[in-house]
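This report refers to the structure that appears directly beneath it.
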Number of protein chains: 2
Amino acid sequence: MRIGELSERTSTSRRLLRYYEEQGLLVASRCANGYRYYDESLVDRVAQIRGLLDAGLPTRIIRQILPCLNKPRVIHFPDATPEMIELLETERDRMTERVNFLTRNRDAISEYLDAVRAGASAEAS
Amino acid sequence: MRIGELSERTSTSRRLLRYYEEQGLLVASRCANGYRYYDESLVDRVAQIRGLLDAGLPTRIIRQILPCLNKPRVIHFPDATPEMIELLETERDRMTERVNFLTRNRDAISEYLDAVRAGASAEAS
DNA sequence: GTCGACCTTCACATCGGTTCGCGGGTTCCA
DNA sequence: TGGAACCCGCGAACCGATGTGAAGGTCGAC
């Protein structure tokens, strides 16, 4: 597909798709006329990129970890340098921290909502 | 404590502490001479703020949900307007999405690391 | 009393992700 | 042949979080 369709299907502006490409997060082949051409699988990849960005990871990091997150995972780990592994471990730990933190706070919100609802129903009775 | 101590104990620049206050995330009382004075409990609060920021939440949202996240939780839910409840529910759901997303990706990284390690040990044998 | 360490406010800079919008080329259809 | 709808690259602005630094007030110690 071309950039317009990808843009619609991912709810992401064309400009931003080009930006992600510029940042090395997204690869597009080119038609004879210079138009970008995107593979079907890139819809998911864009969602992944946006999810990671939304979670607070910078493109710099996303660029590094993205290649390790694809389905045919067994294929290409010959490029696993020690620095790369360390980066991945660090980032994995940071993500775990984020998960724990978010979970705790979300649960606190849930509790609060429960308390409010309990209070409201008690008041109604 | 004054801002310097809070800054050190939270590894947060003074500038940022003032910024959080300006954004309504942090309250400081003032000494006679105009210096900010912080309660002990604010050390934890700063950590909480930074954790939420790190997880990708903007100060605007943090300001809204923070009051519902404190220990004496039962005390003050008289100010629970329907809009507030809706905001909290929305934000709780967004956080759940983030958690799921981060967990999936972190697990993918872990799997990759496992695969690399397995490959490395197989190669070594 | 003055020096140093702390605090105040404030304006400005930086950085990364995002949006806007230009000037121009390509495709297709009337 | 022209116009609509798409594409290109690109610069500029924006916004939110953060850094930097100036100009000045307060305090304790020497």
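What you see is a predicted model; the values in this text were computed from it and never measured. Labels below follow one simple rule: chain letters A, B, ... track the order of the sequence lines, proteins then strands, and each chain is numbered from 1.
Regarding contacts with the backbone of C:dT19, a side-chain N or O of A:S13 is found under 4.0 angstrom from either OP1 or OP2. For D:dA17, the OP1/OP2 oxygens have a side-chain nitrogen or oxygen of B:Y19 closer than 4.0 Å. Within the structure, every side-chain polar atom (N or O) of A:R36 is placed at least 4.0 Å from both OP1 and OP2 of D:dC7.
Using a cut-off of 4.0 Å between Lys/Arg side-chain N and Asp/Glu carboxylate O, B:R36 and B:E22 are scored as not salt-bridged. At a threshold of 4.0 Å, the pair B:R94-B:E91 counts as salt-bridged, since one of the basic side-chain nitrogens sits closer than that to a carboxylate oxygen.
Separating the CD atom of B:E21 from the P atom of C:dC7 is a distance of 13 Å, rounded to the nearest angstrom. Atom C1' of nucleotide C:dC7 and atom CZ of B:R30 are separated by 10 Å, given to the nearest angstrom. One can place CD1 of B:I3 at 18 Å from P of C:dA5, the figure rounded to the nearest angstrom. Rounded to whole Å, the distance from CD on B:E22 to P on C:dT8 is 14 Å. Computed from coordinates, the B:Q23 CD to D:dC15 C1' distance equals 12 Å when rounded to whole Å. Remark: P of D:dT20 and CG of B:L16 are 12 Å apart, rounded to the nearest angstrom. One atom, CG of B:L17, and another, C1' of C:dT9, lie 16 Å apart when rounded to the nearest Å.
For DNA chain C, the residues of residues 49-62 of chain A within the heavy-atom distance limit of 4.0 Å (strictly under) are A:L53, A:P58, A:T59, sorted by number.
B:R30 CZ: more than 12 foreign heavy atoms inside a 6.0 Å radius. No more than 12 heavy atoms of other residues, nucleotides or ligands sit less than 6.0 Å from atom CD of A:E86.
No side-chain heavy atom of B:I61 sits less than 4.5 Å from a side-chain heavy atom of B:L52. When side chains are defined from C-beta on, B:R106 does not count as touching A:R98, because their heavy atoms never get closer than 4.5 Å. Put simply, the side chain of B:L42 does not reach to within 4.5 Å of the side chain of B:Y20, judged on heavy atoms. Taking 4.5 Å as the limit, every side-chain heavy atom of A:Y38 sits out of range of all side-chain heavy atoms of A:V46.
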*Under 4.0 Å protein heavy-atom contact, by nucleotide of nucleotides 21-29 of chain C - B base, S sugar-phosphate only*: B---BBS--
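The salt bridge (Lys or Arg N to Asp or Glu O under 4.0 Å) search around A:R14 returns none, not counting sequence neighbours.
Counting any heavy atom pair closer than 4.0 Å across all strands shown, B:Y20 reaches sugar-phosphate atoms only and no base atom.
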